[in-house]
Amino acid sequence: MTGTSPSGTELPGALRIVSAASTHVGRVRATNEDSYLEAAPIYLVADGMGGHNAGEVASAIAVEEFEKLTLQPQVTIEQLGDALRSAGRRIAEVGGGGLLSAGTTVALVATMVIDDLAYWVVLNLGDSRVYRLSDEIFEQVSVDHSVVQELMDRGEITAQEAQRHPHRHMVTRALGGGPDSEPDYWLIPVESGDRMLICSDGLSGEVDDATIERVLRSPAPIEVVCEDLVELALAAGGHDNVTVVIVEAAGPQGAPSAPAPGTGEEVEIDEDTLPRPIPGSASP
Ligand code: MN
């Protein structure tokens, strides 16, 4: 399934936001528990977990709650937090109160205008990912809430070992699944030509970052890039559902990396933008 927003969305600085998405059940799973939303100003991927279709329901609830915010031109951080909490409550009801009986990841990109400048807001909860391609920069913006990320943070395993680790699918935070559902946020100025990639672990677990970067740098239209990334995940085995959403900023914003006077530090989200602290030896 592929979708594209044909008309695009206008932002300050004559920036035009366009998006595309593609999802596939994969080659192993019977159902696709991933859901996605691609409706300005919100773009997200949710990877559901839990038996008896609970994962499918959980990821769909996340999409439904955030979809309510797409009827307006702009969103605030508070609204994103509220949508997340509403979804979390509904998912907990589906799960019947059992720990981890239903849950979902949420990896989200929203566009936000602050003092006439356009920003990407990135929200993450779980191990779906947001990557950013901006000129020479290619980076994973989100930090996984996963067991292997914690092991990497402690220097116990390498990124390569994480790809094959037996606990690589174990998340440490999720929406509706257990006690910790606190998201991380990032706020990044939009640059003309930026491509933001949101994906489930069905892509990042099968295709390495160097390959993802190479495909994302292709001059091809984003709907083609979405299809190519899904095809690569399937060719690598397609062990999981795979979902890809790409959001692209086209047009000149001028020099967004040098904010206009008076729009400097106060627009930054303070300590909340940082990845969570390393848990260390807190739990025995
Ligand atoms: Mn998955």
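Residues take their numbers from the sequence shown, with the count starting at 1. Numbering of ligands and ligand atoms starts at 1, following listing order.
Residues satisfying the side-chain contact (heavy atoms from CB on, under 4.5 Å) criterion with Ala250, sequence neighbours excluded, are absent altogether. With sequence neighbours left out, His169 forms a side-chain contact (heavy atoms from CB on, under 4.5 Å) with Asp201.
Between Ser59 and Ser35, the closest heavy-atom pair is OG-OG, 2.7 Å. Scanning both residues, Ala220 and Val225, for their nearest heavy atoms gives O-CG2, 3.7 Å.
By the criterion of a separation under 2.8 Å, the protein N/O/S atoms near the Mn ion (ligand 1) amount to Asp47 OD2, Asp201 OD1, Asp240 OD2.
For the side chain to side chain donor-acceptor pair (under 3.5 Å) condition, the pairs that include at least one residue of residues 228-239, sequence neighbours left out, are Glu206-His239.
Ser200 pairs in a side-chain hydrogen bond (donor to acceptor under 3.5 Å, both in side chains) with only one of the listed residues (Asp34, Thr23, Thr105, Asp47), which is Asp34.
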